[in-house]
Amino acid sequence: MKIKNILTALAVVALAGFTSCGDDEVSADGLFGTNTGGAYFSTDQSSQITLAKDASSFDVTVARTATEGAMTVSVTMDDPSGLFTAPSTVTFADGAATAPITVTYDPTKLQADLSYQLAFVLNDNVSPYGDGEYAISAVLPGDWTEWELLPLPGVYTYTGLMFNPGEDGPCPVYTRENLSNPNEMQYCFGNVGMPGVSADDEFGLMYGINMYVNVDLTDHDGVYYCTVPEIFTGVHNSTYDEDVMFCDTYTYTGNPGYQPKSYFDPKTGRFTLNVVYFISAGVFGNGDEFFQLGGYADYSMELSRRGNYVEGEKEYALVYAYMSPDLESFKYTAVKGDLSSSAIEAAAQALEADADADVKTSSSMLAFEFPEEGKYTVITVGYAEGEVKVVESIVCDFTTVQASNPWQSEGYVAYTDGYICSLYPLCVPEPYYVEVQSNKEDDGAYRLVNPYGEAFPYNEPGDYDANTNSYLYFNMADPAYVYVEESESTTDWGDGLFSFSSLVGMQLAGGYTVDDCKANGVAAGTLANGVVTFPNKSLVVFYGSNGVYANNWISNYADVKENGAAPVYESPAAIDFNAAVSAAEAKASMTKAAVRIAKANAKRSNAGLSLINANLRRAHKSAFNGHALNINNDVKSLRVSGSAL
């Protein structure tokens, strides 16, 4: 992978659970002596299986937590294709910890390279400590010729469905033909594992994987329909212990209405792929992404509606504008109404003549303020070689979401970072201004808006995604017990994407309650005299593949580094409501803060990061009430958004 693609939905990994003190230990019969002899599906099983052409069955394993005696469990299999069969029960022999569900199929009736979705449910005798449901995709490989490398590479365009918008390439492209179906061919974007390619020369999309696209050569008004078989993105969701998968929406749903949405245009050499990122629990994002083959002049644009964005009292309608690689720039505007073709042409000519119109030089998310609700026509004019190459438009309904937004602005408050400065001791934690919002529906719930975006004094352009909001969530329902909930950012200084939590927030994510945390003495912050502060090491910061305690900035770092002095840790994190200012004053303060820090030459230092890591390495442990506190460090954990196709 040659460009920095970072996840837009990164979530903090849940902390290992804790129990109260005493003699309550896990016994052979389960937690607290409870009989847990029920059945469950092991999470060690893959969510995919490759079917053999010379076989007619495969096994799905069911496990149980106690092995005494025989046990029979009722099983239901959901098979939309109707091509697979499975028994309605599974039986454990006495002493057996596992039992197979044997699924049978006729390979001659299956379509090659098509993902068949199967779901299993245990209907009785289910363990409360395991999963009674299991989903799997089964694929019968087709017969293909050897891969052939195309002479020119291509470029893949992400549009923010899960990875940040941007282009990835130049990407090697391979093709092969289906020996059993001459009307089908397959493309491979990437050369990972290809014969004759060294590990140093491998190129993979996403997190270093090859993407495969099957193309049906039947002509549909000048384009060929495509499918993307289920592919592992290279990202593992440790919260659900599942690989994040990727495919086209037709393959994912089986709905024929989605089939025309993914296609290849042989005139332009461009693939338009309507894709979905998902695990069994839900979808991260779906929509169009693009691959442009080399050797074609492509002067095209694609526009797609992407919802609304609210910042304080302002609201914007978002439209994503894809610009093909051969275009150099484009102008854009939005005009009230569903315009006719002649009105669009007139508006495009006016846009061309407007010297003050905003100009974009890459695919971008466009934000429009709309004075009133209704239909608007978004128009783009694309340029290359000093002339207009394309005019593209889309009609959108611009409707406010403010009425359903539970968050309301409470102004700008002084925030002192206790997270990133703990990792980089040369970054001095000084207050800066960020917007704070309260939740109208959840008393005590607050969030800071983009605290690690433009306002963070140590950020530079490119350190964060300026087109995506991120929040630091905290709860002040009990002023004596304030905590930070799992929160994400888009900031990456080269050591990995930063995300944040607190000891309490991580326990809540693990299923425990605030009362549990209080009973076990988990450290939290306090609100006193209008200022929220947090104790040393009560916060947790994640970056890359690491998770460490935060709010422990080394105030004497120079002496530590130069003279070997013992570190003096401070707890700087604070949210000061007394120092509230207006939005304009907050904006003005950013310039002053940047100047002050530049003069102090307080640059980020990997030496400081190394020092911290020497003492807080990977899985950190600290006893409280006799139980170990473990931080899980899998950075690739993702929170399912709950969005749907």
Taking [X] for its side chain and [Y] for its backbone only, find out whether a donor-acceptor pair lies under 3.5 Å.
X: D492; Y: G496; value: yes
X: S363; Y: M323; value: yes
X: Y419; Y: S501; value: yes
X: D417; Y: C421; value: yes
X: E202; Y: G193; value: yes
X: D463; Y: E460; value: yes

Centroid separation [X] to [Y] less than 6.0 Å:
X: F278; Y: F284; answer: no
X: Y458; Y: Y424; answer: no
X: F189; Y: F271; answer: yes
X: Y452; Y: F500; answer: yes
X: W493; Y: Y543; answer: no

Please find the pair of heavy atoms, one from [X] and one from [Y], that lie closest to each other, and give the distance.
X: G294; Y: L152; answer: C-CD1, 3.8 Å
X: S422; Y: A550; answer: OG-C, 3.9 Å
X: E289; Y: G160; answer: OE2-N, 4.4 Å
X: N450; Y: N469; answer: ND2-OD1, 2.7 Å
X: A509; Y: E486; answer: CB-OE2, 3.1 Å
X: Y277; Y: T233; answer: CD2-CG2, 4.0 Å

Is there a donor in the side chain of [X] and an acceptor in the side chain of [Y], or the other way round, less than 3.5 Å apart?
X: D248; Y: Y258; value: no
X: R447; Y: S487; value: no
X: D298; Y: S300; value: yes

[atom1]/[X] to [atom2]/[Y] distance, rounded to the nearest 0.5 angstrom?
X: K389; Y: Y383; atom1: NZ; atom2: OH; result: 13.0 Å
X: F246; Y: E230; atom1: CZ; atom2: CD; result: 11.5 Å
X: Q349; Y: I379; atom1: CD; atom2: CD1; result: 11.0 Å
X: Y174; Y: L149; atom1: OH; atom2: CG; result: 4.5 Å
X: N274; Y: T251; atom1: CG; atom2: OG1; result: 11.0 Å
X: L472; Y: S499; atom1: CG; atom2: OG; result: 11.0 Å

Taking the side chain as every heavy atom from C-beta outward, state whether [X] and [Y] have any pair of such atoms under 4.5 Å apart.
X: F290; Y: R270; value: yes
X: L205; Y: Y158; value: yes
X: L293; Y: Y187; value: yes
X: Y471; Y: V449; value: yes
X: C247; Y: I231; value: no
X: V378; Y: R305; value: no
X: Y225; Y: P260; value: yes
X: Y156; Y: M211; value: yes

Contacts satisfying side-chain hydrogen bond (donor to acceptor under 3.5 Å, both in side chains) that involve residues 208-219 (not counting sequence neighbours) are N183-D216, N183-T218, Q186-N214, N210-Y212, D216-T218
side-chain hydrogen bond (donor to acceptor under 3.5 Å, both in side chains) pairs, two or more places apart, involving residues 321-336
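Listed once each, the pairs are Y332-D358.
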[atom1] ([X]) with more than 12 external heavy atoms under 6.0 Å:
X: E387; atom1: CD; value: yes
X: E352; atom1: CD; value: yes
X: Q117; atom1: CD; value: yes

- Item | Full working for side-chain contact (heavy atoms from CB on, under 4.5 Å) between M185 and F264 | CA-CA 12 Å; M185 64 183 300; F264 172 65; over 6 Å; no
(Q) Set out, in order, the CA-CA distance, both residues' side-chain angles and the distance that settles side-chain contact (heavy atoms from CB on, under 4.5 Å) for F368 and Y316, then state yes or no. (A) CA-CA 5 Å; F368 300 95; Y316 304 88; over 6 Å; no
**OP:** Show the numbers, then the answer: is there a side-chain contact (heavy atoms from CB on, under 4.5 Å) between E454 and Y464?
**Re:** CA-CA 8 Å; E454 181 185 9; Y464 60 95; 3.3 Å; yes
Evaluation steps, ring-ring contact (aromatic ring centres under 6.0 Å, His included), between Y415 and Y432 = CA-CA 5 Å; Y415 174 58; Y432 60 99; 5.7 Å; yes
Self-check item: From CA spacing to verdict: side-chain contact (heavy atoms from CB on, under 4.5 Å), D168, F163
Solution: CA-CA 11 Å; D168 203 352; F163 298 93; over 6 Å; no
